[in-house]
2 protein chains.
Amino acid sequence: MKQQDHLFLSAQTVDEASRIFKALGDPTRIKILYLLSQEECSVSHITEVLDMTQSAVSHQLSLLRKLRLVKYRREGTTLYYTYDDEHVITVLNQVLTHIKC
Amino acid sequence: MKQQDHLFLSAQTVDEASRIFKALGDPTRIKILYLLSQEECSVSHITEVLDMTQSAVSHQLSLLRKLRLVKYRREGTTLYYTYDDEHVITVLNQVLTHIKC
DNA sequence: CACATATATGAACATATGCTCATATATATG
DNA sequence: CATATATATGAGCATATGTTCATATATGTG
């Protein structure tokens, strides 16, 4: 195939895809998203389940928020996070299932 | 949910998944894998189409090889690369399609 | 308002990443 | 063997990433 005959991806599409995959390309964020795929979670719950510092979890949630992969609601002083991108959760679960097989 | 009631992912599963996603989490590698999803390519062809240095492409191919996402056959001095993980290509195309919509 | 609890955030730091540049390796050909 | 072509690889470097530590912010309660 000649260069001009390729089905090109726009730079925008490639960047968007790589941002999504980069978000999934870290063990901590995979664990967080997997947790959120099962249930709404407070920050302290995530912190306990993953056995990490509150700060580390909060930083990762901040990153996932920027990418609009998660959102939260407040109840008093507690913030409850949920996932905010069904498709990303589907992709994550597909890959996890594939690996476990 | 209590900590012990979660469906846990093994550390191995999480690490394997994050390695795959990390591989896809770079624009250059997305472009390479997308190219290879369309046709077998020589290194020089990839280099031309992506307009990158031969060294940069070769380093990325080396990384993709380590992860067994691509393989190659030799014909004289030319190496022809193909993808080596159907599932990863499927996931890539799913995400690309989803973004383009 | 004072204090407690839950969470967020900024700085700092160690490590990972992706590229360039120079050079090595492998194959083909005369 | 000498030379050319295609590709791989190591070192170096700038930037990105993920965590910790200290501290800020937000809400609730007495």
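Each chain gets a letter, A, B and so on, in the order its sequence line appears, and its residues count up from 1.
Look at C:dG30: its Watson-Crick or wobble partner, with both distances under 3.5 angstrom, is D:dC1.
The base of C:dC21 sits with one of its N or O atoms less than 3.5 Å from a complementary donor or acceptor on the side chain of B:S55. No N or O donor and acceptor, one from the side chain of B:H59 and one from the base of C:dT17, sit under 3.5 Å apart.
Atom CG in B:L64 sits roughly 13 Å away from atom C1' in C:dG18 (whole-Å rounding). The distance between atom CD of B:Q60 and atom P of D:dG10, rounded to the nearest whole Å, is 16 Å. Separating the CZ atom of A:F21 from the P atom of D:dT17 is a distance of 16 Å, rounded to the nearest angstrom. For A:L50 and D:dT20, the CG to P distance is 12 Å, given to the nearest whole Å. Atom-to-atom, CG of B:L67 to C1' of C:dG18 comes out at 15 Å; the value is rounded to the nearest Å. The separation between B:L61 atom CG and C:dG18 atom C1' is 14 Å, rounded to whole Å. Taking atom CG of residue A:D51 and atom P of nucleotide D:dG18, one finds them 19 Å apart after rounding to whole Å. In this entry the distance linking CD1 of B:I46 with P of C:dC19 reads 13 Å, nearest Å.
Open room surrounds CZ on B:R68; 12 or fewer heavy atoms of other groups in view lie less than 6.0 Å from it. Residue A:K66 qualifies as open at atom NZ: its count of foreign heavy atoms under 6.0 Å is 12 or below.
Across all strands shown, B:T78 has heavy atoms under 4.0 Å from sugar-phosphate atoms exclusively, and none from any base. The residue B:T53 sits close only to the backbone: its heavy atoms come under 4.0 Å of sugar-phosphate atoms, none of a base. When heavy atoms are screened at a 4.0 angstrom cut-off, A:Y81 is found touching the sugar-phosphate backbone but no base atom.
Not one N or O on the side chain of B:R29 forms a donor-acceptor pair closer than 3.5 Å with the backbone of B:L61.
For C:dT5, neither phosphate oxygen OP1 nor OP2 lies less than 4.0 angstrom from any side-chain nitrogen or oxygen of A:Q54. OP1 or OP2 of D:dT17 has not a single side-chain nitrogen or oxygen of B:K22 nearer than 4.0 Å.
For the pair B:Y80/B:R74, no side-chain contact is recorded, criterion being any heavy-atom separation below 4.5 Å from C-beta on. Taking the side chain as every heavy atom from C-beta outward, B:L24 and A:I20 never approach each other to under 4.5 Å. B:F21 has its side chain out of reach of A:D26: every pair of non-hydrogen atoms, C-beta onward, lies at least 4.5 Å apart. Annotation: side chain of B:I46 is not in contact with side chain of B:M52 (no heavy-atom distance under 4.5 Å). A:Y83 places none of its side-chain heavy atoms less than 4.5 Å from the side chain of A:L64.
Set against C:dC19, D:dG18, C:dA8, the side chain of A:R29 has D:dG18 as its closest nucleotide. If you check C:dG18, C:dC19, D:dT17 against the side chain of B:L63, the one that comes closest is C:dG18.
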Report task. Give the B/S/- string for nucleotides 24-30 of chain C, one per nucleotide from 5' to 3', where a protein heavy atom under 4.0 Å of the base yields B, of only the sugar-phosphate yields S, and otherwise -. Result -> --SBS--
